[in-house]
Amino acid sequence: MQEVTHSYLDELNDIQRQAVVQTEGPIMVIAGPGSGKTRVLTYKIAHLINIGVPPWQILALTFTNKAAREMKERIEAVVGSSARRVWAGTFHSIFARILRVEAHRIGYPNDFTIYDTDDTKSLVNELIKSMDLDKKAYNAGVIRSRISASKSNLITPKAYSQNEDMLNYDRMNRRPMTYKIYEKYVARCKRSGAMDFDDLLLQMFRLLYENPDNVKEKYQRQFSHLLVDEFQDTNFLQYEILKQFVNYEDSPHNVCIVGDDAQSIYSFRGATIENILQFETDFPNLNTFKLEQNYRSSQHIVDAANGVIGYNRRQIDKKIWTDKIGDQKIKVIKTISDNEEGRRVADLIIEQKHRHNLSNSDIAILYRTNAQSRVFEEFLRRQNIQYRIYGGLSFYQRKEVKDLLAYMRMTVNPNDDEALKRVINYPKRGIGASTVNKLLAIADDNQVSLWQTIPHVQLSKRAMSNLAEFAALIATLRKHMAEGKNAYDLAVLISKRSGIVSALKTDNTMEGVGRLENLNALLDGVKDFVENDEVIEGENPLDKTLASYLQSIALITDMDNDKEEKETVSLMSTHACKGLEFKSVFVVGMEENLFPSYMSLSSPDQIEEERRLFYVAITRAEEYLTITYSNSRYQHGQMRFNDPSRFLEELPPETIDSVIPLKQKQGFGEPKILGNFKPTGLKRVKKLMIDPQNFHPDDSSKIKPGMRVLHLKFGEGNVLDIDERFVATIEFDQIAVNPKKRIMLQYAKLQILD
DNA sequence: GGGGGCTATGGGGGG
DNA sequence: CATAGCCCCC
């Protein structure tokens, strides 16, 4: 009725608009690459808010934090700051947030630890060892993924132990005790007050399904409208949770899923396209919208993508088209070695930048495996081209960072067995494997955490006193936490008291210095967290506890860092590139055994998934697409000779520029590092409005309405109002979107200007 | 219990 | 090639 008055609707094509303005009932949007999918999602949410749906009743589940953040920013540009109260985030982060409030209802502490992949692997390894199993047959990674897959399909340890198919499969692979490891694994996580990534989904499901204190109705009422992005990448469990939210008596089924079967690339972690088909069955009065116009790529790229994906058998019928002008064909380049490939790509980047006036940020290099990034780094560095690697080892996975985080985890939740194992003897305090094994045995007998066994263990005098010292350390840290110290003060205290800092200070090697820098970067990050003083209207008051900090970082990935950073060439895996676009894209390493991966060659389904992955990669390009492959490359430490990828033959010939003949060049000799590049991971790039040197915050109790003040991040502004909770409303001059910020004076760093 | 040096082994994508 | 795990010696 009022839709005509909303100007953003003019920015949509007919189909997009129909999908946006239908605000009731189930909707499915099949969205080809570059078809304005994000635009539909964001405008749909903006539209819901405009017609009066409270933002906090909207739940939007995305695939990455980055996608959620961008979506929120774009909604905010349309409807203002109320957009921030939309529940937008990844499945994992949204459910973690809910579980922080509700976990006690299903037998977990609300301050539960989140185990990352390393933690779970270490736990599985420990169980394999303690059960005296052959660790060749029982590969921790394989067992871990069996457990993960079981959870994702709602198969409990009990169901597993009664499932003849799964047992047979394990027997055939000479690991019949897998079910037992699974059972012990679950018990261990439980008594450690820990959830792994799958638990964030599984326990969320349990919470809704078992429905203690009618908690399900609470969330069904709260979330009146659900939206799911990248639905093709959801697994069985995620879909079951979705249905728990949506299916109840007289439910309006306000659920909108957006996805593209052709871009389903995560079956290895349980994603299933079946969910799309199932959705059509489960919601028969569904309206389906197909977005087929591609606004991103030029004709040849779209033709190539259509050509390639046509080789897949099963797919939802659609035809992607574009009216973008441009006769740029796809370049396919063959090189003699992986080194040569790196050099050619770097040279071409220089050339493109000059010839087409591109900047670094217009360019991406996409590879199948993260290990391929090395040669490109090397040559980009030589050419003095700024770059950034996304993915790979994230900052939070570095050893020294994990060590300090483990102490923080122990402080928040001392029952966290994995954290305890990590730090009980780091820095060295004379508590070795035999002591830990004793603790493990007692813990197992009594089904308690390692921490809880400490008062009961019998050891030699010396071991006892070492152990008592460790326990006292943790108890002291916990005392400080109970006294209300904020996360930063605690983190500094922990880094000193634990001895981590002094241990690293004695190491004067380059590595040691780097580690210390990383620790400081971590502490800076905690400081950042504590000093963030912006209040989001209607949200809980700012929580600066260590537990809250740990929660805030548990689910961030390498993709989420440094969003402000520009002017770098992006290097990332083909998986990580989903949802992004660049003027110029290089898809490298197009060889058999690499892309498609040798792991996928035996199964037609997996080859099809590799093809979809290639489809995703090439559709990132707006204007220039360059594909390279190499005659030879170092793989697994030795020289390999792979054939060109089968996917190259599937590119329609008329979309390809003549294959550029291989040019032999002399080698460069020893690589010379030209400097001026930054190591990845430890940067903390925050846009500051002013030079911190010139910033001298005043006592915030002196701040009064009408004053002119300076804020480190937001710049100059006028204090409009201060309410009874000492939250100031300040309008900042240089903030374009929503210049009025709510700042909690308790944490505020403000300098008075007049 | 700690540390150094050697051997064996595995090496995909990510929340 | 990188790392985990093992053995041996202190």
Side-chain angles (χ1 to χ4, degrees), chain A residues 61-68 89-96 114-122 125 128-129 135-136 139-142 144-145 148 151-152 195-202 204 230 233-235 237-238 264-271 366-372 374 390-394 396-397 399 424-438 459-460 462-463 466-467 553-560 572-578 589 593-601 606 609-610 612-614 616-617 633-640:
Chain A
L61 298 166
T62 61
F63 187 68
T64 62
N65 296 312
K66 192 174 176 224
T90 62
F91 280 86
H92 291 86
S93 67
I94 294 283
F95 297 166
I114 297 175
Y115 276 176
D116 66 14
T117 310
D118 289 343
D119 293 317
T120 60
K121 231 178 176 167
S122 135
N125 255 324
I128 290 169
K129 239 184 251 171
K135 65 178 175 11
K136 277 177 201 157
N139 175 301
V142 173
R144 203 193 66 81
S145 62
S148 172
K151 289 185 174 179
S152 305
M195 297 195 197
D196 64 17
F197 289 139
D198 300 306
D199 279 325
L200 295 176
L201 309 179
L202 182 60
M204 183 70 219
E230 309 280 13
D233 287 325
T234 56
N235 62 31
L237 175 52
Q238 286 166 320
S264 158
I265 55 175
Y266 281 102
S267 75
F268 72 90
R269 61 175 207 222
L366 309 178
Y367 34 75
R368 178 64 181 82
T369 68
N370 283 314
Q372 286 165 260
R374 218 205 72 245
Y390 293 82
L393 195 68
S394 95
Y396 296 99
Q397 287 175 291
K399 184 196 173 298
I424 193 167
N425 201 29
Y426 179 82
K428 298 265 183 278
R429 50 173 74 86
I431 306 174
S434 54
T435 301
V436 174
N437 282 334
K438 275 193 190 121
L459 298 158
S460 71
R462 198 157 121 197
N466 289 340
L467 195 57
I553 61 155
L555 294 167
I556 62 174
T557 66
D558 193 52
M559 292 296 287
D560 301 319
M572 68 186 84
S573 72
T574 43
H575 280 89
C577 75
K578 182 147 69 162
N593 298 315
L594 186 59
F595 201 168
S597 157
Y598 66 99
M599 309 277 285
S600 68
L601 297 180
Q606 289 191 49
E609 176 144 324
E610 296 281 312
R612 291 193 294 269
L613 190 54
F614 183 50
V616 168
R633 74 173 58 243
Y634 272 101
Q635 246 177 314
H636 312 322
Q638 53 180 322
M639 186 71 87
R640 300 288 173 107

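Chain naming here is simple, since letters A, B, ... match the order of the sequence lines and numbering starts at 1 in each.
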Listed by chain and number, what are the ring pair (Phe, Tyr, Trp, His ring centres under 6.0 Å) partners of Tyr634(A), not counting sequence neighbours?
none
Atom NZ of Lys578(A) and atom P of dG12(B): how far apart are they, to the nearest Å?
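Distance, rounded to whole Å: 20 Å.
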Interatomic distance where CG belongs to Asp119(A) and P belongs to dG15(B) [whole Å]
16 Å
Give me, pair by pair, the N or O atoms of the protein and of nucleotides 2-9 of chain B that are less than 3.5 Å apart, along with how far apart they are.
{"from": "dG2(B)", "atom 1": "OP1", "to": "Asn425(A)", "atom 2": "ND2", "distance (Å)": "3.2"}
{"from": "dG2(B)", "atom 1": "OP1", "to": "Gly430(A)", "atom 2": "N", "distance (Å)": "3.2"}
{"from": "dG2(B)", "atom 1": "OP2", "to": "Asn425(A)", "atom 2": "ND2", "distance (Å)": "3.1"}
{"from": "dG3(B)", "atom 1": "OP2", "to": "Lys428(A)", "atom 2": "NZ", "distance (Å)": "3.3"}

Of Ile265(A), Leu613(A), Thr369(A), which meets side-chain contact (heavy atoms from CB on, under 4.5 Å) against Thr574(A)?
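Of the listed residues Ile265(A), Leu613(A), Thr369(A), the side-chain contact (heavy atoms from CB on, under 4.5 Å) partner of Thr574(A) is Leu613(A).
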Establish, for the pair Lys578(A) and Tyr266(A), whether the NZ or CZ atom is under 6.0 angstrom from the six-membered ring centre and no further than 45 degrees off its axis.
no
Test side-chain contact (heavy atoms from CB on, under 4.5 Å) applied to Ser267(A) - qualifying residues, sequence neighbours left out:
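With sequence neighbours excluded, Ser267(A) shows a side-chain contact (heavy atoms from CB on, under 4.5 Å) to Glu609(A), given in chain and number order.
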Residues two or more places apart in sequence or in another chain: which of them pass side-chain contact (heavy atoms from CB on, under 4.5 Å) with Lys129(A)?
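Scan of Lys129(A) (side-chain contact (heavy atoms from CB on, under 4.5 Å), adjacent residues dropped) gives none.
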Do the side chain of [X] and the base of [N] come within less than 3.5 angstrom through a donor-acceptor pair of N or O atoms?
{"X": "Arg368(A)", "N": "dG12(B)", "value": "yes"}
{"X": "Asn370(A)", "N": "dG13(B)", "value": "no"}
{"X": "Glu610(A)", "N": "dG13(B)", "value": "no"}

Does Asn139(A) have a side-chain nitrogen or oxygen under 4.0 Å from the phosphate oxygens OP1 or OP2 of dG10(B)?
no
Side chain to side chain contact (heavy atoms under 4.5 Å, CB included) evaluation trace for Lys399(A) with Tyr426(A)
CA-CA 11 Å; Lys399(A) 184 196 173 298; Tyr426(A) 179 82; 3.9 Å; yes
Is any side-chain heavy atom of Phe95(A) closer than 4.5 Å to one of Thr90(A)?
no
Side chains of Leu555(A) and Leu200(A), heavy atoms from C-beta outward: is any pair under 4.5 Å?
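They are in side-chain contact.
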Remember a base hit wins even if backbone is also touched, and classify [X] as base, sugar-phosphate or nothing at under 4.0 Å, heavy atoms.
{"X": "Arg612(A)", "answer": "nothing"}
{"X": "Phe91(A)", "answer": "nothing"}
{"X": "Thr574(A)", "answer": "nothing"}

Could you give the distance from OG1 (Thr435(A)) to CG (Asn466(A)), rounded to the nearest 0.5 Å?
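Rounded to the nearest 0.5 Å, the OG1-CG separation comes to 8.0 Å.
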Taking atom types as modelled, is there a side-chain donor on Ser597(A) or Ser600(A) under 3.5 Å from an acceptor on the other?
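Short answer, no.
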Enumerate the protein-to-nucleotides 2-10 of chain C contacts in which both atoms are nitrogen or oxygen and the separation is below 3.5 Å.
none

Strand DNA chain B as a dot-bracket string - pairs counted if Watson-Crick or G-U with both distances under 3.5 Å, | where the partner lies in another strand:
||||||||||.....
Shortest non-hydrogen separation from Ile114(A) to Ala96(A) and the atoms involved:
CD1-CB, 4.5 Å
I'd like to check, for Phe268(A), whether its ring lies over the base of dG13(B) with centroids under 5.5 Å apart and a plane angle smaller than 30°.
yes
Comparing Arg462(A) and Ser573(A) on DNA chain B - which has the more 5′ nearest nucleotide:
Arg462(A)
